[in-house]
Engineer: 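Please see the structure below; I have some questions.
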2 protein chains.
Amino acid sequence: MAELDKFDYRLLELLQDNSRLTGTELAEKVGLSSAACLRRVQRLRETGVIERDVAVVSPKVFGKRMTVIVLLTMERDRPDRYMLMREAFAKMPEVQQCHHVTGAHDFVLRVQVGDMEEYSAFVDRVFHEPYIKRYESLAVLGSLK
Amino acid sequence: MAELDKFDYRLLELLQDNSRLTGTELAEKVGLSSAACLRRVQRLRETGVIERDVAVVSPKVFGKRMTVIVLLTMERDRPDRYMLMREAFAKMPEVQQCHHVTGAHDFVLRVQVGDMEEYSAFVDRVFHEPYIKRYESLAVLGSLK
DNA sequence: AAATTCGTGCGAGATTTTCGCAAAAATTCT
DNA sequence: AGAATTTTTGCGAAAATCTCGCACGAATTT
(Lines give C-alpha, C1' and ligand atoms only; values in the text may rest on other atoms or scores of the structure.)
Protein backbone atom coordinates (compact mmCIF):
# COMPACT_ATOMS: atom_id res chain seq x y z
CA MET A 1 0.00 0.00 0.00
CA ALA A 2 1.24 3.41 -0.91
CA GLU A 3 1.67 6.01 1.75
CA LEU A 4 -1.26 7.34 3.67
CA ASP A 5 -1.82 11.07 3.73
CA LYS A 6 -3.51 13.22 6.32
CA PHE A 7 -6.93 12.59 4.81
CA ASP A 8 -6.51 8.84 5.20
CA TYR A 9 -5.42 9.26 8.80
CA ARG A 10 -8.36 11.47 9.55
CA LEU A 11 -10.72 8.95 7.98
CA LEU A 12 -9.21 6.09 9.95
CA GLU A 13 -9.48 8.07 13.12
CA LEU A 14 -13.15 8.77 12.48
CA LEU A 15 -14.03 5.23 11.41
CA GLN A 16 -12.16 3.73 14.30
CA ASP A 17 -14.59 5.54 16.52
CA ASN A 18 -17.70 5.05 14.42
CA SER A 19 -17.69 2.96 11.30
CA ARG A 20 -21.26 3.87 10.40
CA LEU A 21 -20.48 7.41 9.39
CA THR A 22 -21.89 8.09 5.97
CA GLY A 23 -20.01 9.49 3.00
CA THR A 24 -21.58 12.90 3.49
CA GLU A 25 -20.72 12.95 7.17
CA LEU A 26 -17.14 11.98 6.46
CA ALA A 27 -17.00 14.60 3.73
CA GLU A 28 -17.83 17.51 5.99
CA LYS A 29 -15.43 16.31 8.66
CA VAL A 30 -12.41 15.80 6.44
CA GLY A 31 -13.05 18.42 3.77
CA LEU A 32 -13.36 16.24 0.70
CA SER A 33 -16.34 15.27 -1.38
CA SER A 34 -18.48 12.34 -0.35
CA ALA A 35 -17.30 10.27 -3.31
CA ALA A 36 -13.65 10.95 -2.61
CA CYS A 37 -14.07 9.88 1.00
CA LEU A 38 -15.84 6.68 0.11
CA ARG A 39 -13.31 5.86 -2.55
CA ARG A 40 -10.52 6.25 -0.05
CA VAL A 41 -12.28 4.18 2.55
CA GLN A 42 -12.92 1.50 -0.03
CA ARG A 43 -9.23 1.45 -0.79
CA LEU A 44 -8.29 1.31 2.87
CA ARG A 45 -10.46 -1.76 3.22
CA GLU A 46 -9.14 -3.44 0.10
CA THR A 47 -5.53 -2.93 1.06
CA GLY A 48 -6.08 -4.22 4.56
CA VAL A 49 -5.42 -0.99 6.39
CA ILE A 50 -8.92 -1.42 7.72
CA GLU A 51 -8.89 -5.09 8.63
CA ARG A 52 -12.55 -5.46 9.43
CA ASP A 53 -15.63 -3.78 10.82
CA VAL A 54 -17.25 -5.07 13.93
CA ALA A 55 -20.26 -4.32 16.08
CA VAL A 56 -19.48 -3.86 19.75
CA VAL A 57 -22.07 -5.78 21.71
CA SER A 58 -22.74 -4.92 25.31
CA PRO A 59 -21.22 -7.70 27.46
CA LYS A 60 -24.26 -7.51 29.72
CA VAL A 61 -26.37 -9.02 27.00
CA PHE A 62 -24.39 -12.19 27.14
CA GLY A 63 -24.52 -12.25 30.89
CA LYS A 64 -20.83 -11.44 31.12
CA ARG A 65 -20.96 -8.56 33.48
CA MET A 66 -17.58 -8.85 35.14
CA THR A 67 -14.23 -8.03 33.64
CA VAL A 68 -10.92 -8.88 35.26
CA ILE A 69 -7.42 -7.93 34.23
CA VAL A 70 -4.96 -10.64 35.18
CA LEU A 71 -1.22 -10.19 35.49
CA LEU A 72 0.41 -13.54 35.10
CA THR A 73 3.93 -14.51 36.14
CA MET A 74 5.42 -17.80 35.09
CA GLU A 75 8.27 -19.78 36.52
CA ARG A 76 11.47 -18.51 35.00
CA ASP A 77 12.60 -21.95 33.99
CA ARG A 78 9.64 -22.61 31.76
CA PRO A 79 9.94 -20.33 28.74
CA ASP A 80 8.88 -23.22 26.52
CA ARG A 81 5.45 -22.90 28.02
CA TYR A 82 4.77 -19.51 26.45
CA MET A 83 3.58 -20.76 23.11
CA LEU A 84 1.45 -23.43 24.65
CA MET A 85 -0.07 -20.90 27.01
CA ARG A 86 -0.97 -18.57 24.20
CA GLU A 87 -2.64 -21.32 22.26
CA ALA A 88 -4.52 -22.46 25.30
CA PHE A 89 -5.72 -18.93 26.07
CA ALA A 90 -6.79 -18.47 22.47
CA LYS A 91 -9.28 -21.27 22.89
CA MET A 92 -10.85 -20.03 26.11
CA PRO A 93 -13.97 -17.96 25.56
CA GLU A 94 -13.44 -16.14 28.86
CA VAL A 95 -10.15 -14.74 27.62
CA GLN A 96 -10.99 -11.68 25.55
CA GLN A 97 -7.44 -10.55 25.12
CA CYS A 98 -4.00 -11.91 25.85
CA HIS A 99 -0.77 -9.95 25.67
CA HIS A 100 2.66 -11.42 26.13
CA VAL A 101 4.70 -8.70 27.83
CA THR A 102 8.13 -7.83 29.09
CA GLY A 103 8.90 -6.89 32.66
CA ALA A 104 7.92 -8.27 36.00
CA HIS A 105 4.96 -10.14 34.54
CA ASP A 106 4.69 -12.37 31.51
CA PHE A 107 1.10 -12.14 30.37
CA VAL A 108 -1.70 -9.63 30.71
CA LEU A 109 -5.15 -11.11 30.16
CA ARG A 110 -8.54 -9.55 29.93
CA VAL A 111 -11.06 -12.04 31.22
CA GLN A 112 -14.80 -11.67 30.90
CA VAL A 113 -17.13 -13.67 33.11
CA GLY A 114 -20.60 -13.56 34.57
CA ASP A 115 -19.76 -13.24 38.24
CA MET A 116 -17.21 -13.89 40.95
CA GLU A 117 -18.12 -17.52 41.20
CA GLU A 118 -17.45 -18.07 37.54
CA TYR A 119 -14.18 -16.22 37.83
CA SER A 120 -13.19 -18.31 40.79
CA ALA A 121 -13.82 -21.47 38.80
CA PHE A 122 -11.81 -20.07 35.92
CA VAL A 123 -8.86 -19.32 38.19
CA ASP A 124 -8.93 -22.79 39.69
CA ARG A 125 -9.06 -24.38 36.31
CA VAL A 126 -6.43 -22.30 34.57
CA PHE A 127 -3.99 -20.76 37.00
CA HIS A 128 -3.27 -23.54 39.41
CA GLU A 129 -0.51 -25.02 37.35
CA PRO A 130 3.05 -25.67 38.46
CA TYR A 131 4.58 -23.44 35.80
CA ILE A 132 2.51 -20.47 36.90
CA LYS A 133 4.32 -18.70 39.66
CA ARG A 134 1.75 -16.15 40.60
CA TYR A 135 -1.16 -14.17 39.28
CA GLU A 136 -2.69 -10.87 40.23
CA SER A 137 -6.37 -10.16 39.56
CA LEU A 138 -7.57 -6.63 38.99
CA ALA A 139 -11.34 -6.34 38.88
CA VAL A 140 -12.49 -3.72 36.40
CA LEU A 141 -14.76 -1.04 37.81
CA GLY A 142 -15.27 0.78 34.54
CA SER A 143 -13.82 1.07 31.10
CA LEU A 144 -13.35 3.41 28.21
CA LYS A 145 -13.19 2.57 24.55
CA MET B 1 -35.01 -3.99 26.39
CA ALA B 2 -37.27 -6.95 26.10
CA GLU B 3 -35.84 -10.40 25.79
CA LEU B 4 -33.71 -11.35 22.85
CA ASP B 5 -34.70 -14.38 20.85
CA LYS B 6 -32.54 -16.71 18.83
CA PHE B 7 -32.73 -14.46 15.78
CA ASP B 8 -31.30 -11.56 17.73
CA TYR B 9 -28.48 -13.68 19.07
CA ARG B 10 -27.70 -14.92 15.62
CA LEU B 11 -27.63 -11.39 14.28
CA LEU B 12 -25.37 -10.23 17.07
CA GLU B 13 -23.06 -13.12 16.45
CA LEU B 14 -22.81 -12.25 12.78
CA LEU B 15 -22.40 -8.51 13.24
CA GLN B 16 -19.84 -8.97 15.96
CA ASP B 17 -17.71 -10.62 13.34
CA ASN B 18 -18.60 -8.37 10.42
CA SER B 19 -20.78 -5.33 10.83
CA ARG B 20 -20.89 -4.60 7.11
CA LEU B 21 -23.17 -7.49 6.21
CA THR B 22 -26.12 -6.17 4.25
CA GLY B 23 -29.75 -6.82 4.97
CA THR B 24 -29.91 -9.41 2.23
CA GLU B 25 -26.84 -11.22 3.48
CA LEU B 26 -28.19 -11.26 7.00
CA ALA B 27 -31.52 -12.46 5.68
CA GLU B 28 -30.19 -15.59 4.07
CA LYS B 29 -28.07 -16.44 7.07
CA VAL B 30 -30.77 -16.06 9.71
CA GLY B 31 -33.83 -17.00 7.71
CA LEU B 32 -35.83 -13.80 7.91
CA SER B 33 -36.55 -11.16 5.31
CA SER B 34 -34.08 -8.38 4.73
CA ALA B 35 -36.43 -5.81 6.21
CA ALA B 36 -37.03 -7.86 9.35
CA CYS B 37 -33.30 -8.26 9.90
CA LEU B 38 -32.59 -4.58 9.47
CA ARG B 39 -35.47 -3.64 11.76
CA ARG B 40 -34.08 -5.92 14.44
CA VAL B 41 -30.57 -4.60 14.04
CA GLN B 42 -31.90 -1.05 14.22
CA ARG B 43 -33.61 -1.93 17.47
CA LEU B 44 -30.50 -3.57 18.86
CA ARG B 45 -28.64 -0.36 18.20
CA GLU B 46 -31.29 1.90 19.66
CA THR B 47 -31.58 -0.11 22.83
CA GLY B 48 -27.84 -0.22 23.30
CA VAL B 49 -27.37 -3.93 22.87
CA ILE B 50 -25.07 -2.96 20.04
CA GLU B 51 -23.10 -0.19 21.66
CA ARG B 52 -21.23 0.98 18.60
CA ASP B 53 -19.65 -0.02 15.33
CA VAL B 54 -15.96 0.37 14.80
CA ALA B 55 -13.40 -0.18 12.09
CA VAL B 56 -10.45 -2.31 13.13
CA VAL B 57 -7.35 -0.63 11.78
CA SER B 58 -4.17 -2.60 11.33
CA PRO B 59 -1.69 -1.17 13.85
CA LYS B 60 1.25 -1.91 11.58
CA VAL B 61 0.01 -0.04 8.59
CA PHE B 62 -0.99 2.72 10.88
CA GLY B 63 2.65 3.02 11.86
CA LYS B 64 1.79 2.19 15.45
CA ARG B 65 3.83 -0.90 15.86
CA MET B 66 4.40 -0.79 19.60
CA THR B 67 1.90 -1.64 22.27
CA VAL B 68 2.43 -1.01 25.95
CA ILE B 69 0.31 -2.03 28.88
CA VAL B 70 0.56 0.53 31.66
CA LEU B 71 -0.36 -0.09 35.28
CA LEU B 72 -1.11 3.23 36.88
CA THR B 73 -1.20 4.00 40.58
CA MET B 74 -2.53 7.30 41.82
CA GLU B 75 -1.99 9.09 45.06
CA ARG B 76 -4.52 7.82 47.57
CA ASP B 77 -5.69 11.29 48.50
CA ARG B 78 -6.82 12.15 45.01
CA PRO B 79 -9.87 10.04 44.23
CA ASP B 80 -11.51 13.10 42.70
CA ARG B 81 -9.03 12.79 39.88
CA TYR B 82 -10.45 9.52 38.61
CA MET B 83 -13.18 11.02 36.51
CA LEU B 84 -10.92 13.67 35.08
CA MET B 85 -8.32 11.06 34.26
CA ARG B 86 -10.81 8.91 32.42
CA GLU B 87 -11.99 11.83 30.38
CA ALA B 88 -8.45 12.86 29.60
CA PHE B 89 -7.52 9.34 28.53
CA ALA B 90 -10.58 9.13 26.35
CA LYS B 91 -9.29 12.01 24.28
CA MET B 92 -5.79 10.65 23.76
CA PRO B 93 -5.38 8.74 20.51
CA GLU B 94 -2.51 6.70 21.96
CA VAL B 95 -4.79 5.25 24.61
CA GLN B 96 -6.63 2.36 23.03
CA GLN B 97 -8.20 1.10 26.18
CA CYS B 98 -8.55 2.27 29.73
CA HIS B 99 -9.83 0.20 32.62
CA HIS B 100 -10.40 1.51 36.10
CA VAL B 101 -9.56 -1.37 38.42
CA THR B 102 -9.48 -2.44 42.03
CA GLY B 103 -6.38 -3.59 43.84
CA ALA B 104 -2.83 -2.36 44.01
CA HIS B 105 -3.22 -0.29 40.85
CA ASP B 106 -5.91 2.10 39.75
CA PHE B 107 -5.87 2.06 35.97
CA VAL B 108 -4.76 -0.35 33.31
CA LEU B 109 -4.12 1.29 29.95
CA ARG B 110 -3.34 -0.13 26.58
CA VAL B 111 -1.21 2.37 24.74
CA GLN B 112 -0.34 2.19 21.07
CA VAL B 113 2.59 4.14 19.66
CA GLY B 114 5.07 4.04 16.81
CA ASP B 115 8.26 3.48 18.74
CA MET B 116 10.04 3.88 22.03
CA GLU B 117 10.72 7.53 21.43
CA GLU B 118 7.07 8.27 20.96
CA TYR B 119 6.23 6.28 24.05
CA SER B 120 8.80 8.16 26.04
CA ALA B 121 7.27 11.45 24.97
CA PHE B 122 3.85 10.15 25.90
CA VAL B 123 5.04 9.17 29.35
CA ASP B 124 6.62 12.56 29.94
CA ARG B 125 3.53 14.35 28.85
CA VAL B 126 0.96 12.26 30.68
CA PHE B 127 2.41 10.50 33.69
CA HIS B 128 4.58 13.13 35.25
CA GLU B 129 1.81 14.61 37.30
CA PRO B 130 1.76 15.04 41.07
CA TYR B 131 -1.34 12.92 41.54
CA ILE B 132 0.23 9.97 39.77
CA LYS B 133 2.21 7.98 42.28
CA ARG B 134 3.80 5.44 39.99
CA TYR B 135 3.40 3.67 36.73
CA GLU B 136 4.64 0.37 35.40
CA SER B 137 5.14 -0.15 31.68
CA LEU B 138 4.84 -3.60 30.18
CA ALA B 139 5.90 -3.74 26.54
CA VAL B 140 3.81 -6.16 24.55
CA LEU B 141 5.75 -8.82 22.68
CA GLY B 142 2.72 -10.43 21.08
CA SER B 143 -1.02 -10.56 21.37
CA LEU B 144 -4.01 -12.72 20.77
CA LYS B 145 -7.52 -11.69 19.79
C1' DA C 1 -63.60 -16.23 20.61
C1' DA C 2 -62.93 -11.48 20.00
C1' DA C 3 -59.60 -7.96 20.84
C1' DT C 4 -55.02 -6.47 21.31
C1' DT C 5 -50.27 -6.69 20.60
C1' DC C 6 -46.33 -7.83 18.14
C1' DG C 7 -43.54 -9.03 14.40
C1' DT C 8 -43.58 -10.36 9.62
C1' DG C 9 -43.10 -9.73 4.32
C1' DC C 10 -43.85 -6.69 0.62
C1' DG C 11 -42.90 -2.69 -1.84
C1' DA C 12 -42.37 2.38 -2.48
C1' DG C 13 -39.52 6.10 -1.35
C1' DA C 14 -35.31 7.91 0.67
C1' DT C 15 -30.64 7.46 1.53
C1' DT C 16 -26.17 5.82 0.54
C1' DT C 17 -22.64 3.80 -2.25
C1' DT C 18 -20.41 2.78 -6.62
C1' DC C 19 -18.68 4.05 -10.91
C1' DG C 20 -17.61 6.51 -15.38
C1' DC C 21 -15.98 10.73 -16.90
C1' DA C 22 -13.69 15.16 -17.55
C1' DA C 23 -11.01 18.49 -15.14
C1' DA C 24 -7.65 19.70 -11.62
C1' DA C 25 -3.58 18.55 -9.07
C1' DA C 26 0.53 16.27 -8.30
C1' DT C 27 4.45 13.74 -10.14
C1' DT C 28 7.85 12.47 -13.52
C1' DC C 29 10.52 13.21 -17.50
C1' DT C 30 13.11 15.87 -21.00
C1' DA D 1 10.81 25.29 -16.76
C1' DG D 2 7.42 23.08 -19.24
C1' DA D 3 5.45 18.95 -21.41
C1' DA D 4 3.81 14.33 -20.51
C1' DT D 5 2.03 11.10 -17.34
C1' DT D 6 -0.25 9.57 -13.39
C1' DT D 7 -3.26 10.28 -9.62
C1' DT D 8 -7.06 12.17 -7.43
C1' DT D 9 -10.82 15.09 -7.44
C1' DG D 10 -15.92 16.54 -7.97
C1' DC D 11 -19.99 15.76 -10.40
C1' DG D 12 -23.81 13.12 -11.65
C1' DA D 13 -26.12 8.89 -13.00
C1' DA D 14 -26.95 4.18 -11.84
C1' DA D 15 -26.92 0.56 -8.50
C1' DA D 16 -27.36 -0.99 -4.01
C1' DT D 17 -29.02 -0.52 0.48
C1' DC D 18 -31.92 1.05 4.14
C1' DT D 19 -36.32 2.98 6.09
C1' DC D 20 -40.97 3.00 6.66
C1' DG D 21 -46.09 2.46 6.00
C1' DC D 22 -49.24 -1.06 5.40
C1' DA D 23 -51.94 -5.25 5.62
C1' DC D 24 -51.65 -9.78 7.27
C1' DG D 25 -50.76 -13.74 10.42
C1' DA D 26 -49.28 -15.53 15.00
C1' DA D 27 -49.25 -15.24 19.83
C1' DT D 28 -51.25 -13.25 24.11
C1' DT D 29 -54.84 -11.05 26.79
C1' DT D 30 -59.48 -10.20 28.14
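Chain letters run A, B, ... following the sequence lines, proteins first, then strands; residues in each count from 1. Just so it is clear, the structure is predicted and the values come from calculations on it, not from any experiment.
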Engineer: Would you mind listing the cluster partners of A/Leu84? Hydrophobic ones only (ILVMFWY), side-chain contacts under 4.5 Å, chaining allowed.
Structural biologist: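 None; A/Leu84 is a cluster of one.
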
Engineer: Rounded to whole angstrom units, what separation is found between the CG atom of B/Asp53 and the C1' atom of D/dC18?
Structural biologist: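 The answer, rounded to whole Å, is 14 Å.
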
Engineer: For the pair made of CG in A/Leu44 and C1' in D/dT8, what is the distance, rounded to whole Å?
Structural biologist: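 To the nearest whole Å, that distance equals 14 Å.
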
Engineer: Do B/Leu71 and B/Met85 land in one hydrophobic cluster if side-chain heavy atoms of ILVMFWY residues count as linked below 4.5 Å?
Structural biologist: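 No, B/Leu71 and B/Met85 fall in different hydrophobic clusters.
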
Engineer: What's the CG-P distance between B/Asp8 and C/dG7, to the nearest Å?
Structural biologist: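 Taking atom P of C/dG7 as the reference, CG of B/Asp8 is at 9 Å.
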
Engineer: Between D/dT8, C/dG7, D/dC20, which nucleotide gets closest to the side-chain atoms of B/Arg40?
Structural biologist: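 Comparing D/dT8, C/dG7, D/dC20 against the side chain of B/Arg40, the answer is C/dG7.
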
Engineer: How long is the gap from CG on A/Asp106 to CZ on A/Arg81, to the nearest 0.5 Å?
Structural biologist: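 Between atom CG of A/Asp106 and atom CZ of A/Arg81 there are 14.0 Å.
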
Engineer: Considering only heavy atoms, which members of residues 11-34 of chain B lie under 4.0 Å from some atom of DNA chain D?
Structural biologist: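 Listed by number, they are B/Thr22, B/Gly23.
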
Engineer: So which nucleotide from C/dT18, C/dT8, C/dG7 ends up closest to the side chain of B/Arg43?
Structural biologist: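 The nucleotide sitting nearest to the side chain is C/dG7.
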
Engineer: Determine the sole option in B/Val70, B/Ile69, B/Val68 for which the side-chain contact (heavy atoms from CB on, under 4.5 Å) test with B/Leu109 is passed.
Structural biologist: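 Single pass found, and it is B/Val70.
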
Engineer: Quick one: pull up CG in A/Leu26 and CG in A/Leu14 and give me the separation to the nearest 0.5 Å.
Structural biologist: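 Reported value, rounded in 0.5 Å steps: 6.0 Å.
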
Engineer: If a pair satisfies side chain to side chain donor-acceptor pair (under 3.5 Å) and one of its residues is in residues 14-35 of chain A, list it, with sequence neighbours excluded.
Structural biologist: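 Qualifying pairs: A/Asp17-B/Arg52.
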
Engineer: Taking it one step at a time, do B/Arg45 and B/Asp53 satisfy salt bridge (charged side-chain N to carboxylate O under 4.0 Å, His left out)?
Structural biologist: CA-CA 9 Å; B/Arg45 286 194 223 280; B/Asp53 289 77; 2.6 Å; yes

Engineer: Would you kindly give the CD-to-P distance between A/Gln42 and D/dT7, to the nearest whole Å?
Structural biologist: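 About 17 Å, once rounded to whole Å.
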
Engineer: Under 3.5 Å, which donor-acceptor pairs do the side chains of residues 121-130 of chain B form with other protein atoms, sequence neighbours left out?
Structural biologist:
residue, atom, partner, partner atom, Å
B/Arg125, NH2, B/Glu94, OE2, 2.8

Engineer: Give DNA chain D the dot-bracket treatment, 5' to 3': Watson-Crick (N1-N3 with N6-O4 or O6-N4) or G-U (N1-O2, O6-N3) under 3.5 Å, [ ] crossing, | other strand.
Structural biologist: ||||||||||||||||||||||||||||||

Engineer: Decide, yes or no, whether a salt bridge links A/Arg10 with A/Glu13 under the criterion of side-chain N to carboxylate O below 4.0 Å.
Structural biologist: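 Looking at A/Arg10 and A/Glu13, the cut-off is met.
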
Engineer: Tell me yes or no: between the side chains of A/Thr73 and A/His105, is some donor less than 3.5 Å from an acceptor?
Structural biologist: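 Judged by distance alone, the side chains do not pair up.
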
Engineer: Distance check needed: D/dT9 P versus A/Asp5 CG, whole Å only.
Structural biologist: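 Atom CG in A/Asp5 sits about 8 Å away from atom P in D/dT9.
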
Engineer: Can you give one letter per nucleotide of nucleotides 21-27 of chain D, going 5' to 3': B for a protein heavy atom under 4.0 Å from the base, S for sugar-phosphate only, - for none?
Structural biologist: B------

Engineer: With a 6.0 Å cut-off on ring centres, are A/Tyr135 and A/Phe107 close enough?
Structural biologist: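 No, ring centres 6.0 Å or more apart.
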
Engineer: When the distance from CG of A/Leu38 to C1' of D/dC11 is rounded to whole Å, what number comes out?
Structural biologist: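 Taking atom C1' of D/dC11 as the reference, CG of A/Leu38 is at 14 Å.
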
